[in-house]
2 protein chains.
Amino acid sequence: MPQSRPRIIPEATVARLAVYLRVLAGLADGGRSHVSSGELASAAGVNPAGLRKDLSYLGPCGVRGVGYSVSGLRDRLTDALGGERSRPCVLIGIGRLGSALADYAGFASRGFEFVGLLDTDPATVGHRVGGLQVRPVQELEAVVAETHATIGVITTPAEVAQSVCDRLVSVGVRSILNFAPVALTVPAGVDVRKVDLSVELQVLAFLDQQRDGTPPLLAPLRPAQGVAR
Amino acid sequence: MPQSRPRIIPEATVARLAVYLRVLAGLADGGRSHVSSGELASAAGVNPAGLRKDLSYLGPCGVRGVGYSVSGLRDRLTDALGGERSRPCVLIGIGRLGSALADYAGFASRGFEFVGLLDTDPATVGHRVGGLQVRPVQELEAVVAETHATIGVITTPAEVAQSVCDRLVSVGVRSILNFAPVALTVPAGVDVRKVDLSVELQVLAFLDQQRDGTPPLLAPLRPAQGVAR
DNA sequence: GCGACTTTGTTCAGGCGTTCACAAGCGGTT
DNA sequence: AACCGCTTGTGAACGCCTGAACAAAGTCGC
Ligand SMILES: NC(=O)c1ccc[n+]([C@@H]2O[C@H](COP(=O)([O-])OP(=O)(O)OC[C@H]3O[C@@H](n4cnc5c(N)ncnc54)[C@H](O)[C@@H]3O)[C@@H](O)[C@H]2O)c1
Ligand SMILES: NC(=O)c1ccc[n+]([C@@H]2O[C@H](COP(=O)([O-])OP(=O)(O)OC[C@H]3O[C@@H](n4cnc5c(N)ncnc54)[C@H](O)[C@@H]3O)[C@@H](O)[C@H]2O)c1
């Protein structure tokens with residue numbers, strides 16, 4: 001038996017694999033033992049053929065004529081996405097958004113654990129949020145060193161996001177999730193993903209206007225599948 | 001002078017236009033009158049040529065040899081993205097995440113205004129969040145009707161997201177932003193955008209593992225530009 | 001044991017998006 | 001008035017991703 005092929009997985013596929021993994025976790029809880037690509041694709045909101053293509057990057061995962069083993073596929077996906085080991089994360093900026101994230105149970109269940117919460121505000125430092133005590137941002141480097149955090153999440157105001165990012169990078173954090181509405185500049189070898197909620201709303205507004213304003217002009221779009229992307 | 005061309009704008013471009021608009025707002029506050037594509041692209045974290053191509057969908061916007069007028073381009077972008085009119089939004093599920101969104105000032109400044117906050121929890125209903133009183137979710141249809149909300153934001157638990165979505169669609173909301181980790185099914189003509197934070201973290205974890213595990217194998221990737229995507 | 005049905009895995013073509021490179025156009029200067 | 005440098009706008013090539021059709025393969029029923 002040949003070992004897992006070291007093929008390159010497109011980033012768009014990786015994002016979908018994470019969605020499949022969550023759906024599979026739900027199916028496993030429901031006691032299901034097998035799923036077809038059609039059912040899984042429907043639950044994930046994607047095309048069945050695309051789903052099979054995504055899974056094919058991991059090598060053959062299913063049984064023809066039967067489908068995929070829920071637990072088997074779940075394990076394979078978990079492995080492909082980085083294993084089951086807990087990923088320590090630090091969160092900087094414990095305001096409204098940061099508090100919501102720190103308190104969210106959905107991350108821990110997927111292996112992401114906040115091991116450090118940092119803020120400048122003296123009114124916030126010392127408080128317990130999500131079972132962890134908020135520490136002063138001056139200790140950021142020390143916290144990363146002692147916890148071996150590999151992921152940094154930035155929920156500070158935009159003005160200070162770049163400086164926070166620089167400090168994270170300087171102590172070895174190479175994966176950053178940024179909620180502040182600025183484009184962060186980082187050296188090569190560091191990955192930044194940005195979540196920009198204002199942009200999401202603005203795109204919705206644009207699509208809305210386009211729909212109302214010029215119905216015949218936007219014609220050559222989606223072939224009317226009843227499932228959201 | 002020919003009026004604005006009714007060309008089709010790719011969705012990826014629309015999202016970037018929203019980013020440019022925000023950067024321009026900052027430049028205008030700073031008193032700048034002109035910008036070059038290079039500077040704007042750098043601030044937005046994109047390629048200069050791509051930026052010019054994005055803007056070209058709106059027709060000629062700049063002056064060769066000089067650059068773009070900050071205020072002129074800002075107005076043009078504002079117009080293209082749906083005008084300056086206020087967009088009323090309803091928010092369902094005023095928990096930790098929902099409260100953070102309702103309280104956030106960055107949306108109102110871009111024309112998005114929450115006009116209805118809804119929840120089931122009796123302990124939450126009646127409270128004031130972000131200057132608005134939380135109302136029982138039973139009144140959802142009434143709130144949409146009286147406020148003419150066009151955008152619905154879902155921050156409820158995943159189990160009820162689909163039913164909330166159905167109710168929004170049934171009263172005419174055709175733009176939905178979903179934070180719950182489920183794929184929503186909607187009829188054609190309704191746009192759904194999904195924000196999935198667990199997936200973002202999972203992708204970061206994957207990239208991290210890929211970097212450490214197989215340095216020579218992921219070689220054919222990004223040409224080492226020091227700016228995050 | 002054999003056949004037919006079901007579902008996967010892969011191949012192919014099409015579209016979309018991104019990137020590079022160059023010509024066109026404008027302002028400033030001599 | 002003509003030249004020069006700078007910046008935009010666009011055309012074309014490239015690569016990536018998506019969607020569909022087809023063949024391989026395994027299971028269930030008889
Ligand atoms: N809340 C939202 O719904 C929302 C939506 C979209 C974007 N954002 C963005 O997310 C970020 C946070 O938003 P928020 O609403 O939570 O703001 P917030 O003001 O409630 O929280 C920001 C926190 O960062 C802390 N902080 C400030 N400077 C710091 C520093 N140098 N180091 C560490 N911490 C520091 C502040 O003390 C505060 O607690 C902002 O950039 C905002 O634009 C928020
Ligand atoms: N908080 C986070 O950081 C985070 C991160 C990723 C995803 N999410 C997702 O966002 C959603 C909300 O997360 P949260 O942390 O705010 O959860 P939460 O439990 O704090 O808030 C959920 C709110 O929805 C309300 N609700 C429940 N059923 C409802 C219904 N039928 N109609 C209207 N309201 C209803 C609840 O009363 C509660 O106030 C969840 O789907 C969660 O998976 C949250």
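Reckoned from all heavy atoms, side chains included, excluding hydrogens, waters and symmetry mates.
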[X] has an atom [atom1]; how far is it from atom [atom2] of [N], in whole Å?
X: A:Leu55; N: C:dT10; atom1: CG; atom2: P; answer: 11 Å
X: A:His34; N: C:dT7; atom1: NE2; atom2: C1'; answer: 13 Å
X: B:Arg52; N: C:dG17; atom1: CZ; atom2: P; answer: 19 Å
X: B:Leu51; N: C:dC20; atom1: CG; atom2: P; answer: 14 Å
X: A:Leu58; N: C:dT8; atom1: CG; atom2: P; answer: 15 Å
X: A:Arg76; N: C:dT8; atom1: CZ; atom2: P; answer: 15 Å
X: A:Asp54; N: C:dT11; atom1: CG; atom2: C1'; answer: 16 Å
X: B:Ile9; N: C:dC16; atom1: CD1; atom2: P; answer: 15 Å

Would you indicate which nucleotide in [options] comes nearest to any side-chain atom of [X]?
X: B:Ala12; options: D:dG26, C:dT18, C:dC20; result: C:dT18
X: A:Pro10; options: C:dG9, D:dC17, C:dA21; result: D:dC17
X: B:Lys53; options: C:dT10, C:dC20, C:dT18; result: C:dT18

Open item on the list: Would you say that more than 12 heavy atoms from the other residues, nucleotides or ligands in this model lie under 6.0 Å from the CD of B:Glu141, or not?
Closed with: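 More than 12 heavy atoms, drawn from other residues, nucleotides or ligands, come within 6.0 Å of this atom.
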Could you tell me whether the phosphate oxygens of [N], OP1 or OP2, come under 4.0 Å of any side-chain nitrogen or oxygen in [X]?
X: B:Tyr68; N: D:dG9; result: yes
X: B:Ser37; N: D:dT8; result: yes
X: A:Arg16; N: D:dT18; result: yes

Task: 4.5 Å side-chain heavy-atom contact, B:Ile154 and B:Val160 - done: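 In short, these two side chains do not touch, never coming nearer than 4.5 Å.
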Open item on the list: If the threshold is 4.0 Å, N to carboxylate O, is there a salt bridge linking B:Arg193 and B:Glu11?
Closed with: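 Yes, this pair counts.
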TODO: Determine, for A:Arg211 against A:Asp208, whether the closest basic-nitrogen to carboxylate-oxygen distance falls under 4.0 angstrom.
DONE: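 So A:Arg211 pairs with A:Asp208 through a salt bridge.
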Task: Nearest-nucleotide comparison on DNA chain D, the residue closer to the 5′ end among A:Thr13 and A:Gly65 - done: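 Its nearest nucleotide lies further toward 5', so the answer is A:Thr13.
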Open item on the list: Consider side-chain contact (heavy atoms from CB on, under 4.5 Å). Of B:Val46, B:Val19, B:Thr13, which one does B:Leu51 pass it with?
Closed with: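 Among B:Val46, B:Val19, B:Thr13, the one meeting side-chain contact (heavy atoms from CB on, under 4.5 Å) with B:Leu51 is B:Val46.
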Task: Donor-acceptor pair present, A:Arg64 side chain and C:dT8 base, under 3.5 Å - done: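 Between C:dT8 and A:Arg64, which were checked side chain against base, a qualifying N/O pair under 3.5 Å is present.
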TODO: Under 4.0 Å between any heavy atoms, over every strand shown, what does B:Gly67 touch: base, sugar-phosphate, or nothing? Just pick one.
DONE: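 Sugar-phosphate, no base atom in range.
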